Amino acid sequence: PHLSAKAVIIGRFLDKKYYQNLQQLVLDLNLQGRVIFQDFSENIIDILSGLDVFVLSSKSEGFSRSMLEAMSFGLPIIASKIGEIQEGVGHRLNGILVDFNDVEKMAEGILELAGDENLRKRMGAESRRLAVSAVDLSIHSRDIENIYQNIFVGREYLRKFKLVINWSKIRQKTKEIIGKLGHDINISQPLKNLTTSEQQIIEIAKSLFFGANFIIMDEPTSSLGEEE
């Protein structure tokens, strides 16, 4: 279908050859004026307020800040079905998820949203709702209170059965494991080259670090002890 639409490619290209190829493709397809290359800008408000749909075609991504910003502006999201992107985008709820590199499905999603204003508004409203809940301070403070409550209840349970964990030693042992791996630990991903006991240490460390995805430490190493 014929659509009076423009595509804005936002961000700085680190790969100059790739950038040149895209520019040449725009010329070959006679899309000058329809495809706009927007360099990095801190004035994200003006950029996002002028969009109707936000597309994120990444190969790998954490929970994207740019996606969250687009959601806060009430934009429907079309994104690759990868990693933590799926935590922010519900398929057919506030956007459309497609397999990475499935160009045809992504194009179909763009055409569908571009041609259906009601669908854009419905998905955009859900994006806004999800974004607000994701950064709402009152929700985060309540979640933190629940985490602390669970930790204290859990420790009391351990004490009742005389299974007291030496948290400081766990912290030190975790530092040793980081040294073995040669990098910070992303505990949201499977860890390789660790013994069973080291894997168990990491599982305990998850509760010590309150569910954080990364453990980054700079304390001196020490052996694991038995005393509290």
Side-chain angles (χ1 to χ4, degrees), residues 1-136 139 188-189 213:
H2 176 74
L3 293 172
S4 178
K6 292 184 178 181
V8 183
I9 301 176
I10 304 170
R12 184 166 297 157
F13 286 86
L14 299 179
D15 187 337
K16 292 184 178 180
K17 181 64 176 177
Y18 179 64
Y19 179 48
Q20 292 169 355
N21 289 341
L22 285 179
Q23 289 181 313
Q24 186 60 51
L25 183 61
V26 169
L27 291 174
D28 293 343
L29 296 176
N30 196 29
L31 292 175
Q32 302 94 314
R34 300 287 297 278
V35 177
I36 301 168
F37 294 94
Q38 171 64 53
D39 197 358
F40 172 81
S41 173
E42 294 183 354
N43 193 11
I44 195 66
I45 294 177
D46 285 349
I47 294 174
L48 290 178
S49 61
L51 301 181
D52 296 300
V53 178
F54 183 84
V55 180
L56 188 66
S57 57
S58 299
K59 179 179 181 180
S60 61
E61 193 83 47
F63 192 84
S64 168
R65 187 180 71 176
S66 61
M67 181 186 73
L68 184 60
E69 290 171 341
M71 289 169 58
S72 72
F73 272 79
L75 294 177
I77 310 296
I78 300 176
S80 303
K81 187 166 58 177
I82 56 170
E84 295 178 32
I85 293 297
Q86 298 171 88
E87 296 181 16
V89 181
H91 184 59
R92 309 301 303 184
L93 294 176
N94 68 313
I96 297 174
L97 291 171
V98 301
D99 291 332
F100 170 70
N101 214 26
D102 191 336
V103 179
E104 291 186 0
K105 287 293 184 182
M106 184 159 283
E108 289 175 6
I110 294 172
L111 289 173
E112 179 182 3
L113 284 175
D116 192 333
E117 183 179 1
N118 290 331
L119 182 61
R120 292 200 306 272
K121 288 182 176 179
R122 179 178 66 78
M123 288 186 173
E126 181 64 9
S127 276
R128 171 69 182 175
R129 186 191 71 79
L130 290 171
V132 170
S133 66
V135 297
D136 188 287
I139 294 175
S188 66
Q189 302 293 330
N213 281 340

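The first residue of the sequence shown is numbered 1, and numbering continues consecutively from there. Because the structure is a prediction, the values reported are computed rather than measured.
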* Asked: Which pairs with one or both residues in residues 63-76 pass side-chain hydrogen bond (donor to acceptor under 3.5 Å, both in side chains), sequence neighbours excluded?
  -> S64-S66
* To do: Just jot down the side chain to side chain contact (heavy atoms under 4.5 Å, CB included) partners of N118, sequence neighbours excluded, or say none.
  => D116
* Residues that D39 engages under side chain to side chain donor-acceptor pair (under 3.5 Å), provided they are two or more places apart -> R12
* To do: Taking all non-hydrogen atoms of both residues into account, name the closest pair between A79 and I85 and its distance.
  => CB-CG2, 3.7 Å
* Which residues pass the side chain to side chain contact (heavy atoms under 4.5 Å, CB included) test with K81, sequence neighbours left out? -> Q86, L97, D99
* Mind checking salt bridge (Lys or Arg N to Asp or Glu O under 4.0 Å) for K105 and listing every partner two or more places apart, or none if nothing turns up? => E108
* Side-chain heavy-atom pair M123, I96 within 4.5 angstrom cut-off -> yes
* Asked: Restricting to pairs with a member in residues 68-108, which pass ring pair (Phe, Tyr, Trp, His ring centres under 6.0 Å), not counting sequence neighbours?
  -> none
* Structure fact -> Taken in chain and number order and not counting sequence neighbours, the residues that satisfy salt bridge (Lys or Arg N to Asp or Glu O under 4.0 Å) with E117 are K121
* Is there a side-chain contact between S127 and L75 (heavy atoms, below 4.5 Å)? -> no
* R92: salt bridge (Lys or Arg N to Asp or Glu O under 4.0 Å) partners, not counting sequence neighbours -> E112
* **Contacts of type side chain to side chain contact (heavy atoms under 4.5 Å, CB included), residue L22, not counting sequence neighbours** => F13, Y18, F37
* Structure fact -> What one should report as the nearest heavy-atom pair of L113 and P76 is CD1-CB, 4.1 Å
* Nearest heavy-atom neighbours spanning G88 and N94 -> O-ND2, 3.1 Å
Side-chain donor/acceptor pairs under 3.5 Å, residues 45-58, sequence neighbours excluded:
unit_1	atom_1	unit_2	atom_2	d
D46	OD2	N43	ND2	2.7
S49	OG	I45	O	2.9
S49	OG	D46	O	3.0
S58	OG	E61	OE1	2.6

* **Contacts of D15 that satisfy salt bridge (Lys or Arg N to Asp or Glu O under 4.0 Å) - sequence neighbours left out** => none
* Asked: Which residues satisfy the side chain to side chain contact (heavy atoms under 4.5 Å, CB included) test with L27, sequence neighbours excluded?
  -> Q24, Q32
* **Beyond-backbone contact of D102 with E104, side-chain heavy atoms, under 4.5 angstrom** => yes
